[in-house]
Amino acid sequence: TMKALGIDDEDAPEVARRLFKKCLLKAWEDDDLSEREQRSLAAIAKRLNVPTEEVVMLQRLEAKRVFGAIVTKAFADGN
């Protein structure tokens with residue numbers, strides 16, 4: 001638990017959000033999110049008690065970022 005790690009209750013939501021986001025970025029490192037990674041992220045979010053709305057928002061933002069980078073690269077390559 002967060003308390004066992006010495007994290008105050010007040011700080012726990014922000015720490016959980018940052019940790020989940022770090023996991024999310026790692027999962028998207030290859031510009032792809034596999035079903036296994038999706039399941040892992042869902043389990044991590046649940047374990048960290050990250051609110052569903054926040055999980056969805058963070059996932060959408062990262063997906064948009066990756067999509068934008070892929071489109072930009074495709075246009076730059078002339079494809």
Side-chain angles (χ1 to χ4, degrees):
T1 65
M2 296 281 191
K3 195 171 279 292
L5 296 172
I7 299 167
D8 295 334
D9 289 342
E10 184 179 308
D11 296 330
E14 179 64 18
V15 171
R17 185 189 68 76
R18 288 182 183 195
L19 181 55
F20 177 76
K21 187 169 182 180
K22 191 169 192 92
C23 294
L24 181 65
L25 294 174
K26 180 71 175 163
W28 274 104
E29 248 180 10
D30 61 355
D31 294 340
D32 186 41
L33 191 64
S34 70
E35 287 184 35
R36 181 177 181 195
E37 289 168 327
Q38 290 175 36
R39 286 192 305 272
S40 293
L41 287 170
I44 291 166
K46 184 176 180 179
R47 183 78 173 139
L48 293 173
N49 295 317
V50 178
T52 302
E53 311 82 48
E54 184 135 12
V55 169
V56 169
M57 180 202 61
L58 290 169
Q59 288 176 327
R60 282 187 182 152
L61 286 172
E62 187 58 16
K64 285 180 183 180
R65 186 199 63 77
V66 170
F67 179 75
I70 289 169
V71 168
T72 299
K73 185 177 186 298
F75 279 117
D77 290 345
N79 293 325

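Quick caveat, the model's predicted, so the values are computed rather than measured. Heavy-atom basis, side chains included; hydrogens, waters and symmetry copies ignored.
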Query raised in the report: Which heavy atom of Ala27 sits nearest a heavy atom of Leu41, and at what distance?
Result: CB-CD1, 4.0 Å

Requested in this report: Please name the pair of heavy atoms, one in Val50 and one in Ala16, separated by the smallest distance, quoted to 0.1 Å.
Outcome: CG2-O, 3.8 Å

How far does [atom1] of [X] sit from [atom2] of [Y], to the nearest 0.5 angstrom?
{"X": "Arg65", "Y": "Asp31", "atom1": "CZ", "atom2": "CG", "value": "6.5 Å"}
{"X": "Asp30", "Y": "Lys26", "atom1": "CG", "atom2": "NZ", "value": "9.5 Å"}
{"X": "Glu29", "Y": "Glu37", "atom1": "CD", "atom2": "CD", "value": "9.5 Å"}
{"X": "Ile44", "Y": "Leu24", "atom1": "CD1", "atom2": "CG", "value": "9.5 Å"}

Requested in this report: Kindly write out the residues that satisfy salt bridge (Lys or Arg N to Asp or Glu O under 4.0 Å) with Asp32, not counting sequence neighbours, or none if the list is empty.
Outcome: none

Query raised in the report: Out of curiosity, does Leu25 fall in the hydrophobic cluster containing Leu61 (side-chain heavy atoms, cut-off under 4.5 Å, transitive links)?
Result: no

Query raised in the report: Under a 4.5 Å side-chain heavy-atom rule over Ile, Leu, Val, Met, Phe, Trp and Tyr, are Val56 and Val66 clustered together?
Result: no

Query - Lys64: partners by side chain to side chain contact (heavy atoms under 4.5 Å, CB included), with sequence neighbours left out - result: none

Query raised in the report: Under the side-chain hydrogen bond (donor to acceptor under 3.5 Å, both in side chains) rule, what pairs show up with a residue in residues 38-59, not counting sequence neighbours?
Result: none

Query raised in the report: In terms of heavy-atom contacts, does CD of Glu35 have more than 12 from other residues, nucleotides or ligands at under 6.0 Å?
Result: no

